[in-house]
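In this chain, residues are counted from 1 in sequence order.
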Amino acid sequence: MAFLGLLVGALTGVLTGAGIGGGTILMLYLTLALGMPQLQAQGTNLLYFLAASPPSLYFHFKNGLVEKRGALWAACCGALTCLLGSYLAGVTDPGWLRKGFGLILLVIGLKEVLGKKK
């Protein structure tokens with residue numbers, strides 16, 4: 001089980017660094033494989049993101065892949081919506097959170113599979 005955890009951690013780190021959304025895989029692993037409650041998994045995912053994002057951001061800035069003005073706007077909006085989302089997650093039934101997360105994954109998956117390729 002420790003090897004699987006290490007593998008999932010490495011995979012989510014690589015995907016997070018590439019900007020693909022490794023947190024989704026981490027959430028699925030924590031809730032489905034480890035049986036962690038939804039709210040605890042969300043908190044763990046947020047802590048993971050705080051550790052994984054600074055190195056990614058550093059290299060994206062270094063390689064000129066970040067529009068600084070847009071990044072500042074996104075960071076400000078992200079901080080505000082993070083506070084709001086944290087509050088809502090704390091007062092919402094975990095069953096609804098799980099269903100909502102599943103619905104979002106389904107919509108994104110369908111969009112990726114059925115969407116037009118550029």
Side-chain angles (χ1 to χ4, degrees):
M1 192 61 132
F3 177 73
L4 181 59
L6 184 64
L7 185 64
V8 170
L11 179 62
T12 57
V14 169
L15 292 175
T16 299
I20 296 174
T24 301
I25 292 172
L26 182 60
M27 284 293 296
L28 292 171
Y29 173 72
L30 292 174
T31 55
L32 298 176
L34 296 183
M36 186 180 283
Q38 181 77 23
L39 196 55
Q40 186 179 354
Q42 286 173 236
T44 303
N45 191 35
L46 288 174
L47 288 174
Y48 169 80
F49 179 76
L50 288 175
S53 60
S56 303
L57 194 55
Y58 168 77
F59 286 109
H60 287 314
F61 266 109
K62 182 180 171 189
N63 293 324
L65 300 172
V66 176
E67 182 186 326
K68 291 178 177 95
R69 202 167 149 204
L72 180 62
W73 178 250
C76 291
C77 292
L80 291 174
T81 55
C82 182
L83 291 172
L84 177 64
S86 296
Y87 170 75
L88 290 174
V91 297
T92 304
D93 176 39
W96 283 104
L97 292 175
R98 189 177 294 261
K99 290 174 187 172
F101 185 68
L103 181 62
I104 289 170
L105 288 179
L106 182 63
V107 169
I108 291 171
L110 287 172
K111 184 177 176 185
E112 288 296 316
V113 171
L114 303 175
K116 293 181 183 177
K117 301 291 180 199
K118 292 183 180 181

*Asks:* Does the side chain of Tyr48 reach to within under 4.5 Å of the side chain of Thr44, using non-hydrogen atoms?
*Replies:* no
*Asks:* Give the cluster check for Met27 versus Leu32: same hydrophobic cluster or not, with ILVMFWY residues linked at side-chain heavy-atom distances below 4.5 Å.
*Replies:*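 Yes, because Met27 and Leu32 connect within a single hydrophobic cluster, where side-chain heavy atoms sit under 4.5 Å apart.
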*Asks:* Test of understanding: clusters of I, L, V, M, F, W, Y form through side-chain heavy atoms closer than 4.5 Å, transitively. Do Phe101 and Trp96 belong to the same one?
*Replies:* no
*Asks:* First locate atom CG of Leu103, then atom CD1 of Ile108, and finally report the distance between them rounded to the nearest 0.5 Å.
*Replies:* 10.0 Å
*Asks:* Using links of under 4.5 Å between side-chain heavy atoms of ILVMFWY residues, direct or through other members, which residues join Leu84 in one cluster?
*Replies:*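 Same cluster as Leu84: Tyr87, Leu88, Val91.
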*Asks:* Going from CG on Asp93 to CZ on Arg98, what distance comes out if it is rounded to the nearest 0.5 angstrom?
*Replies:* 10.5 Å
*Asks:* Could I get the full list of side-chain contact (heavy atoms from CB on, under 4.5 Å) partners for Ala89, not counting sequence neighbours?
*Replies:* Leu39, Gln42, Leu97
*Asks:* In the hydrophobic clustering that connects Ile, Leu, Val, Met, Phe, Trp and Tyr at side-chain heavy-atom distances below 4.5 Å, which members other than Tyr58 occupy its cluster, ordered by chain and number?
*Replies:* Phe59
*Asks:* Nearest 0.5 Å, please: how far is CG in Leu26 from OG1 in Thr31?
*Replies:*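 The OG1 atom of Thr31 sits 9.0 Å away from the CG atom of Leu26.
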*Asks:* Report whether Val107 and Leu110 are members of the same hydrophobic cluster (ILVMFWY, side-chain heavy atoms less than 4.5 Å apart, transitive linking).
*Replies:* no
*Asks:* Could you check if a side-chain atom of Phe61 sits within less than 4.5 angstrom of a side-chain atom of Lys68, using non-hydrogen atoms only?
*Replies:*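 Yes, close enough: below the 4.5 Å cut-off.
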*Asks:* Quick one: CD on Glu67 to CG on Leu72, what's the gap to the nearest 0.5 Å?
*Replies:*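 Going from CD on Glu67 over to CG on Leu72, the span is 11.0 Å.
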*Asks:* Answer with yes or no whether the hydrophobic clustering places Leu4 together with Leu30; edges join I, L, V, M, F, W, Y residues whose side-chain heavy atoms lie under 4.5 Å apart.
*Replies:*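 They do share one cluster, since a chain of ILVMFWY contacts under 4.5 Å joins Leu4 to Leu30.
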